[in-house]
S.K.: 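What follows is a structure written as structure tokens; I'll ask about it next.
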There are 2 protein chains.
Amino acid sequence: MDDVVASFVDGMGAAAASSGILSQQQGRIFALLYLAEGPLSLDEIADQLEQSKSNISVNIRTLVEWHLVKRRPIRGSRKDHYEAATDFFRAFQEIFERRFRWTVRQVIDVVKETSASAEGGRRGTPGAFRRERLQALGGFFGLLDAGIGAFVSGKPFPAQKLAQVVPLPGRAGPRAR
Amino acid sequence: MDDVVASFVDGMGAAAASSGILSQQQGRIFALLYLAEGPLSLDEIADQLEQSKSNISVNIRTLVEWHLVKRRPIRGSRKDHYEAATDFFRAFQEIFERRFRWTVRQVIDVVKETSASAEGGRRGTPGAFRRERLQALGGFFGLLDAGIGAFVSGKPFPAQKLAQVVPLPGRAGPRAR
DNA sequence: CTGAACATTTAGAATATTTCGAACGTTCTG
DNA sequence: CAGAACGTTCGAAATATTCTAAATGTTCAG
């Protein structure tokens, strides 16, 4: 493999590894495809990256799911061929939607469930503190969810709203006046 | 530990684990502190979460670095005490800035370095394709960097701009007209 | 100065993830 | 229908990560 490509592949691999989203190999696969003039087969990718075919097969699936790589049938060949997607925004939408938003909603669900079992939290009664905190957390993540929704559908994202969530006082109990 | 707290702790642990940002333990520590009425010591945390003190010590450091947990000295005690932060936006800023943006910049750097070594890419010459692609990638991530910058400083974030990056044609060579 | 109370570092054990090659099933070719 | 060409799945090996308990270093009380 070309020196230029090799350094790009390794660099992108490193970046991917530190992203928390893609593995190093996935980054390397994408990088290779991105600088390739045409679609590559599994074997070619495995060959150039010096990885087993099975490993490429597994890793490339994620890339396809996230719309970072497209499967492109080549006429006259029975092999699967792949090429890098160039619509990065599309891929980011997918990642935000399916990864971040999913995590955000997990938090929202946990808060809901916990709130449900932490009953009778009127102010001043025991449990009120927890209830307030859960509500604050749920509120913030609700806004975050809305923000991601806006981003994903291409609308402007009001980061302001997140900043304006009023932080609760640090300590417990009914607020001093 | 209380049932309500226990389920919240576990739920947040699961959410954290799938976030790609925090480990399960870190999520659990935060959850415990978030529902605690006052600051907790390392030993108390280790106790309640049934983890070794050293593990808590290591994991809580990350939480402090990301402003999700604050160290709060308790007078009369030599132990370190910790409490959950309530300014989530602050924490998110920190995470975006230090994690996402760092990754984004890694990509920008890789593109720059690769571009530098892939010289002489005038149109139609060999290497032009790579140069164009690198430029497209660099452009997108440049905008992303700006977007994160805007988010971090609380300004509205024009997601539109990202969507408007024109995807290159999928195939190589000079564009057909 | 000495010992106790801490948090942190370290080395190794436990656990999870990644990777590979072989086995498998499917689709195409002749 | 038989065999070859594929991609995928599976189990084991390699590797990386997480966790613990002991060791270390530091601060404070007496």
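Chain naming here is simple, since letters A, B, ... match the order of the sequence lines and numbering starts at 1 in each.
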S.K.: Atom CG of B/Leu49 and atom P of D/dC19: how far apart are they, to the nearest Å?
M.R.: 11 Å
S.K.: Does B/Ser23 offer a backbone N or O that forms a donor-acceptor pair with the side chain of B/Gln26 under 3.5 Å?
M.R.: yes
S.K.: Hydrophobic clusters here meaning ILVMFWY residues chained together by side-chain heavy-atom distances under 4.5 Å, can you tell me if A/Val64 and A/Trp66 are in one?
M.R.: yes
S.K.: Going by heavy atoms closer than 4.0 Å, what residues in residues 51-60 of chain B are next to DNA chain D?
M.R.: B/Gln51, B/Ser52, B/Ser54, B/Asn55, B/Asn59
S.K.: Quickly work out the B/Asp43 CG to C/dA4 P distance and round it to whole Å.
M.R.: 18 Å
S.K.: I need the CD1-P distance between B/Ile74 and C/dC6, as an integer number of Å.
M.R.: 14 Å
S.K.: Please work out whether the ring planes of B/Phe92 and A/Phe140 are parallel, tilted or perpendicular, with thresholds of 30° and 60°.
M.R.: tilted
S.K.: What is the distance from CG of A/Leu42 to C1' of D/dA5, rounded to the nearest Å?
M.R.: 13 Å
S.K.: I'd like to know if B/Asp87 pairs up with B/Lys70 as an ion pair, taking the criterion as any Lys NZ or Arg NE/NH1/NH2 lying under 4.0 Å from an Asp or Glu carboxylate oxygen.
M.R.: no
S.K.: Under 3.5 Å, is there any donor-acceptor pair linking the side chain of A/Arg78 to the base of C/dT29?
M.R.: no
S.K.: Please give, in whole Å, the distance from D/dC6 P to A/Glu44 CD?
M.R.: 11 Å
S.K.: What's the spacing between A/Leu33 CG and B/Arg133 CZ if we round to 0.5 Å?
M.R.: 9.5 Å
S.K.: Starting at atom CG of A/Asp80, determine the distance to atom C1' of C/dT27, rounded to an integer number of angstrom.
M.R.: 12 Å
S.K.: Can you tell me if CD on A/Glu65 sees more than 12 non-hydrogen neighbours from other groups inside 6.0 Å?
M.R.: yes
S.K.: Does the A/Ser57 side chain pair with the main chain of A/Lys53, one donor and one acceptor, at a distance under 3.5 Å?
M.R.: no
S.K.: Expressed in angstrom and rounded to an integer, what is the separation of B/Arg61 atom CZ from C/dT9 atom C1'?
M.R.: 9 Å
S.K.: Using modelled atom types and a 3.5 Å cut-off, is there a donor and acceptor pairing between side-chain atoms of A/Asn59 and backbone atoms of A/Asn55?
M.R.: yes
S.K.: Are the side chain of A/Asp145 and the backbone of A/Phe141 linked by a donor-acceptor contact shorter than 3.5 Å?
M.R.: no
S.K.: Round to a whole Å and report the spacing from NZ of A/Lys79 to C1' of C/dT27.
M.R.: 15 Å
S.K.: Which residues within residues 12-28 of chain B lie with some heavy atom under 4.0 Å of an atom in DNA chain D?
M.R.: B/Gln25
